[in-house]
Amino acid sequence: MKSTGSNFTSENFYTMNTKLLLLLLVICSPFLSFGLTKQYCLTLRDDPATTMVIGWGGDNGTVHYGTTDEGTNYTAYPNSHPSDRTGNAHGHTRHFSRLTGLTPNTIYYFVIRDDNGVVTDRFKFKTLSDDPNVPLSYITGGDSRDGFKVLGIYVEDCPSGNCLDERREGNELVAKIRPDFVAFNGDFVMNQITSNTTNEWDDWFDDWQLSISQDGRMYPMVHTQGNHEDNQDVYNLFDIPQEEYYALSLHGGLLRLYTLNSELNACTEANQLNWLLNDLQLHSSGGSTDPVWKFAQYHIPTYGMANDYGLVPEQMTCWVNLFEQFDVRMVSESHGHCTKWSHPCVANSSESDFEVDTENGIVYIGEGQWGAPHRELDFAGANQKPYIRDQDVFDNFFYIQVKQDSTIIRCVKFENISNVVASTSDELGKDLPTGITIWSPSNGDRVILTNESVGLSEQDTEMNPTSVYPIPAENIVNVAFDKHDEGTIEVYDALGKLCVIENYSGTSKSVDLTPVCSGVSYMYIKSENGSVQVHKIVKR
Ligand SMILES: [Fe+2]
């Protein structure tokens, strides 16, 4: 008598397993993500007027794009471009489609169709201009990593109770501000032995999707390597140039933006230093091809204001000297997890620190508070560095508006995001939207750099050109205005103590320094029209 088990022939067994496998595939298919693209980012690595890198995770695919909005009908777009390169880091595979030959100052619409035929939402971006007369506005900031946790509890200061909440607020602000691009100074995620870096990058890319505006507009980034990124991470995750130091010319020479890698020793890593020197020389020939402005960004501050970071002597010796020699006017730094905003300043004679120089100095902003845990300032109260116009600890990034004749620097707080009226403008160089919260130090909520002089202004007003003489002075300093003006003159000593305050009205004013001021001091000429100018004065 045959047992019933004899019906289980190997053929039946195979058929049953196949049916089970098919059943499992049907049940699980909603959870299988292959065949999908995700986590979209834009990168600037070449001429921002004519090129754009579109990056994404997940499946490979092809970008379909054009200057007319065809929605998700990918066949209607006149251009298509496959992935040029794949990068891998920390368990993430990124695809990069490098678009070239684009028209400057133009909106492009695009979709990505993956290899299984799935088409993304319709996105859009705007190329930058090739005309230096067209203004430019961008966001710069850094340090978006999470705080350290022990048993799930933060041991670093994240005011809302979750550092990622603050990072997300910053990303939501990007979507509302609609900057021309974002210059990010590094330290995206923690990337520590104690953390899951694959998940951290997953969160970072997911959170960056919050920076996409409601109409699908995305904003390209100029990325910097921080100390929490491994060598080649930024190249592999965003497709920046492989050396991870580079410069971009924006708006046909309006601005040359230097991105340096502070993980490379500023003096002994000869490749980077020689490249920087050669590029600065090439763009400082005195000819018509020189950029109007030169700015720099890197991660670790040359003189940090928190966490006992202090001075990086190599950067002071090998970078700052070049910046000063070749007329770099503004530097954006991160890493400190605090907020600093310097007066125009230069290296002192011993290169041990900075000192104010309103004529030739560089404005340093930073230091990386895009959500990262807060730290305490090292030089507070009477110990505040005299070249720091103000400092504090709060989440923010800086907003920079660049024009031929002036650059306006402001600091945007990650506050009251819901009150910000989202911009709908695609105009290049536009102002901040209504409802934004600007940091307003007592010496003004903005710094205006001009080609001839440096001044501070509380409003976007014309400066009344002034001359201050003699420098150095015995006791009396004279101020001459080009045209009638009224306001207040305040003189502060090198430690920030108010020495003199006097009203003025007319085309000239004499200020007596006899009572208190000595040595180096700073004269703030505050006009009733809202402008503020700063002059360094020296009393014999
Ligand atoms: Fe850092």
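We count ligands from 1, going down the list as the structure has it; atoms in each ligand are counted the same way. These values consider heavy atoms only, across backbone and side chains, with no hydrogens, waters or symmetry-generated copies. Predicted, not measured: the structure shown is a model, and the values here were computed from it.
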Task: Cationic tip of R85 above Y235 ring, under 6.0 Å, 45° of axis - done: yes

Task: Partner set under ring-ring contact (aromatic ring centres under 6.0 Å, His included) for F398, not counting sequence neighbours - done: W341

TODO: Evaluate whether atom CD of E376 has more than 12 neighbouring non-hydrogen atoms of other residues, nucleotides or ligands under 6.0 angstrom away.
DONE: no

Task: Close aromatic pair by centroid cut-off 6.0 Å: H92 and W201 - done: no

Task: Cation-aromatic face contact R256/Y258, 6.0 Å, 45 degrees - done: yes

TODO: Report, as a single number, the protein N, O or S atoms less than 2.8 Å from the Fe ion (ligand 1).
DONE: 4

Open item on the list: Quick one, L254 and K403 - any side-chain contact, counting heavy atoms below 4.5 Å?
Closed with: no

